[in-house]
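The figures here come from the full heavy-atom set of this structure, side chains too, leaving out hydrogens, waters and symmetry mates. Values in this document were obtained by computation on a predicted structure and should not be read as measured data. In what follows, residues are counted from 1 in the order of the sequence shown.
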Amino acid sequence: MINLHNKTYRAAIYLRLSQEDGDISVSDKNESNSISTQRDLIHAYLQKQPDIEYVTEFCDDGYTGTNFNRPGFENMMTAVREKRVDCIVVKDLSRFGRDYIESGKYIQKIFPMLGIRFIAINDGYDSVDTENRSNDFVLPFKNLINDSYCRDISIKSRTNLEVKRRNGEFVNNFAVYGYMRSPEDKHKLIVDEEAAMVVRNIFNWKQEGWNAQQIANHLNGLHIPSPMEYKKKCGHNYCTSFKTKTTAQWSAVAVLRILKNAVYTGVLEQGKTTTPNYKVKTRVLKDESKWARVENAHEAIITIAQFELVQAVLGMDTCRTESNEEIYPFSGMIYCADCHSPMVHRAATSNGKKYNYYVCSGNKHDKSSCTTHNIKCDLVEGVILATVQAHISMAINIDDAMSQLESLDWEQREVRKINGQLAALELDIEKFSRVKLGLYEDLKEGLISKEEYHSFKDDYDSRIESIKRQISNLISQRNAIEGGLTSAQGWFAQFRQYENINKLTRNTIVSLIERIEINDNKDIHVKFRHADQFATALEYLDMRKSPQCKVITMKEAGWNGKNIPQTANIAQSVSI
């Protein structure tokens with residue numbers, strides 16, 4: 001190269017390699033082979049350029065070329081602005097960057113404005129070569145090709161990952177706490193028994209009434225490593241910006257994250273976040289309908305029935321997560337039957353004696369909205385205990401009758417019926433989706449107006465969402481039934497574990513009861529979980545005309561009419 005300006009340039013060489021193209025991760029080298037190759041090529045070139053003096057080097061090993069947010073590049077630009085260098089040399093244009101617009105802006109605008117000479121060796125480009133101005137014409141096309149290459153790689157990578165997700169293959173960087181990658185297949189999760197035991201305890205403690213902070217404190221007290229520390233213990237190079245102490249501790253947030261993760265039921269949910277395109281790296285949350293969700297992708301740690309029960313418990317209006325305050329057995333479950341506000345626990349002392357009672361929170365906030373509904377806790381607990389005992393007796397009574405018929409025949413029949421309903425609803429979604437697609441063709445052909453198109457589209461969207469909600473409810477019902485099918489006994493036989501209870505615990509209450517309502521007359525209405533199963537079971541027994549089936553009365557269940565006040569409307573609560 002002829003030195004047209006009789007000037008010696010102070011050069012910085014710039015090296016870059018994308019992480020997916022490097023070899024650092026599979027070796028003990030501090031830099032990839034390609035970086036060394038780039039360096040050798042550039043130095044060999046500079047030895048033949050008497051007008052260029054090598055000053056320094058900047059390197060981005062493991063950084064994408066789709067943007068310029070790279071530490072080495074930013075340090076180089078600082079050196080440019082401080083006038084420590086006035087020449088930049090790269091192996092080729094793709095090493096400088098693969099963003100068509102940004103690369104062109106730097107090479108054709110920013111560098112000339114700053115008086116920077118730019119050289120891309122393999123592309124034969126030198127910004128001071130006035131004898132070959134065709135480079136100025138070819139340069140944008142080369143940058144466009146580099147950009148298109150990156151876009152093509154991004155599309156192929158996204159498609160490949162999506163196919164893997166839909167096939168139930170695990171493609172995330174780290175296995176969720178409680179699981180590990182299978183040694184035979186890195187895309188398959190297997191149970192890590194040491195961590196899985198902690199997960200089971202967390203779910204059990206939550207079901208027993210502990211709040212998230214209490215669980216976290218207990219785990220820290222037992223010196224059980226938090227998920228982050230456990231990953232490090234297992235040799236994973238894992239870090240996060242949420243760590244604030246030398247050793248990461250269990251927190252309420254970490255506990256809740258476990259309690260809300262369906263992965264522990266064997267469900268693999270992936271692809272929850274994405275980037276707008278290959279140039280923008282900011283991650284955004286995808287609509288849930290676009291997640292890749294695969295059932296039975298791996299062994300479950302928690303049964304579906306327990307997981308759904310815990311989700312219901314989490315939705316209750318209990319103590320705040322941060323509080324260590326005790327959760328009362330009925331917290332978040334008792335409501336005013338008139339204004340539907342939660343009933344809250346209160347305590348008062350009179351003549352040295354302590355009284356516990358429930359009052360309507362609606363009245364507490366607005367005296368005109370409702371009455372106090374004041375009712376003693378002992379009365380509520382006594383009524384509900386007798387009601388639960390009767391309900392359990394009824395369930396066992398039904399199960400005894402069922403046992404005279406074909407083993408688990410009712411549950412299998414119910415699963416078949418629900419599967420049939422699900423198939424019909426899926427066909428409805430498919431039908432409405434086809435009709436919705438046809439609306440656009442009708443709009444293009446002028447058969448309907450734009451207003452009609454949006455009106456019809458919104459209507460079909462609403463119908464599809466309604467059907468999806470029905471499908472979700474049916475799946476929950478099926479999961480509840482199948483939860484019984486997985487044991488040696490049927491669904492109703494699970495009530496035998498509560499057969500001889502004489503005291504209500506949080507675990508018993510949340511397992512059996514969905515909601516309790518108290519009206520102004522102090523009538524107590526109990527809504528039990530799985531009421532539909534009771535109704536369909538009785539319907540089935542009636543259809544089979546089983547002589548062994550005899551539904552018990554409240555008196556036969558153990559209530560003599562004296563130990564519970566007559567104001568407790570419990571007969572309606574358990575009669576089917």
Just wondering, do [Y] and [X] contact through their side chains at under 4.5 Å, heavy atoms?
X: Phe174; Y: Tyr179; value: no
X: Lys232; Y: Met228; value: yes
X: Phe432; Y: Asp461; value: no
X: Ser341; Y: Cys370; value: no
X: Gln249; Y: Ser226; value: no
X: Met333; Y: Glu517; value: no
X: Val388; Y: Leu504; value: yes
X: Leu314; Y: Leu256; value: yes

Atom [atom1] of [X] and atom [atom2] of [Y]: how far apart are they, to the nearest 0.5 Å?
X: Ser433; Y: Ile464; atom1: OG; atom2: CD1; value: 4.0 Å
X: Leu189; Y: Asn172; atom1: CG; atom2: CG; value: 8.5 Å
X: Lys188; Y: Leu268; atom1: NZ; atom2: CG; value: 8.5 Å
X: Ile467; Y: Ser472; atom1: CD1; atom2: OG; value: 13.5 Å
X: Leu474; Y: Asn419; atom1: CG; atom2: CG; value: 9.5 Å
X: Ser393; Y: Gln389; atom1: OG; atom2: CD; value: 7.5 Å

Please name the pair of heavy atoms, one in [X] and one in [Y], separated by the smallest distance, quoted to 0.1 Å.
X: Ser369; Y: Asn363; answer: OG-N, 4.1 Å
X: Thr505; Y: Thr508; answer: OG1-OG1, 2.9 Å
X: Gln311; Y: Lys260; answer: OE1-CA, 3.8 Å
X: Gly209; Y: Gln214; answer: O-OE1, 4.3 Å
X: Leu385; Y: Asn502; answer: CD2-O, 3.5 Å
X: Lys206; Y: Asn211; answer: NZ-CA, 4.1 Å

NZ (Lys417) with more than 12 external heavy atoms under 6.0 Å:
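Atom NZ in Lys417 is crowded, with more than 12 foreign heavy atoms closer than 6.0 Å.
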
Do Ile375 and Ile524 pass the side chain to side chain contact (heavy atoms under 4.5 Å, CB included) test, and can you show the C-alpha distance, the side-chain angles, and the key distance before you say yes or no?
CA-CA 10 Å; Ile375 185 169; Ile524 301 172; 4.1 Å; yes

If you apply the rule side chain to side chain contact (heavy atoms under 4.5 Å, CB included), what do you find for Val171 with Gln270, and how did you get there?
CA-CA 8 Å; Val171 297; Gln270 298 182 104; 3.5 Å; yes

Return the set of residues passing side chain to side chain contact (heavy atoms under 4.5 Å, CB included) with Ala300 (not counting sequence neighbours), or none when no residue passes.
none

Given 3.5 Å as the limit, does a donor-acceptor pair link the side chain of [X] with the main chain of [Y], or not?
X: Trp250; Y: Gln213; result: no
X: Asn521; Y: Asp523; result: no
X: Asn220; Y: Ala216; result: yes
X: Ser361; Y: Val344; result: no

Salt bridge between [X] and [Y], side-chain N to carboxylate O under 4.0 Å?
X: Arg434; Y: Glu430; result: yes
X: Glu295; Y: Arg293; result: yes
X: Glu193; Y: Arg200; result: yes
X: Lys457; Y: Glu452; result: no
X: Glu465; Y: Arg463; result: no

Check: Phe528 ring centroid to His391 ring centroid under 6.0 Å:
yes

Do [X] and [Y] have side-chain atoms, one donor and one acceptor, less than 3.5 Å apart?
X: Asn201; Y: His218; result: no
X: Tyr230; Y: Asp192; result: yes
X: Gln207; Y: Ser511; result: yes

Report the relative orientation of the aromatic rings in [X] and [Y]; use parallel for angles under 30°, tilted for 30 to 60°, perpendicular for over 60°.
X: Tyr358; Y: His345; answer: perpendicular
X: Trp210; Y: Trp205; answer: parallel
X: Phe203; Y: Phe307; answer: tilted

Under the side chain to side chain donor-acceptor pair (under 3.5 Å) criterion, do Glu208 and Asn204 qualify, and how do the steps go?
CA-CA 6 Å; Glu208 290 171 6; Asn204 290 336; over 6 Å; no

Test log, rule side chain to side chain donor-acceptor pair (under 3.5 Å), inputs Asn167 and His187:
CA-CA 10 Å; Asn167 289 337; His187 296 304; over 6 Å; no

By salt bridge (charged side-chain N to carboxylate O under 4.0 Å, His left out) - contacts of Glu445 (at least two apart):
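Per chain and number, Glu445 pairs via salt bridge (charged side-chain N to carboxylate O under 4.0 Å, His left out) with no residue.
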
Test Gln421 against Ile471 for side chain to side chain contact (heavy atoms under 4.5 Å, CB included), laying out the working first.
CA-CA 8 Å; Gln421 293 173 326; Ile471 289 175; over 6 Å; no

Verify salt bridge (charged side-chain N to carboxylate O under 4.0 Å, His left out) between Glu169 and Lys186, making sure each step is shown before the conclusion.
CA-CA 9 Å; Glu169 297 182 53; Lys186 67 177 182 178; over 6 Å; no

Measure from NZ or CZ of Arg181 to the centre of the six-membered ring of Phe170, then state whether that distance is under 6.0 Å and the direction lies within 45° of the axis.
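No; the conditions do not both hold, so Arg181 does not lie above the ring face of Phe170.
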
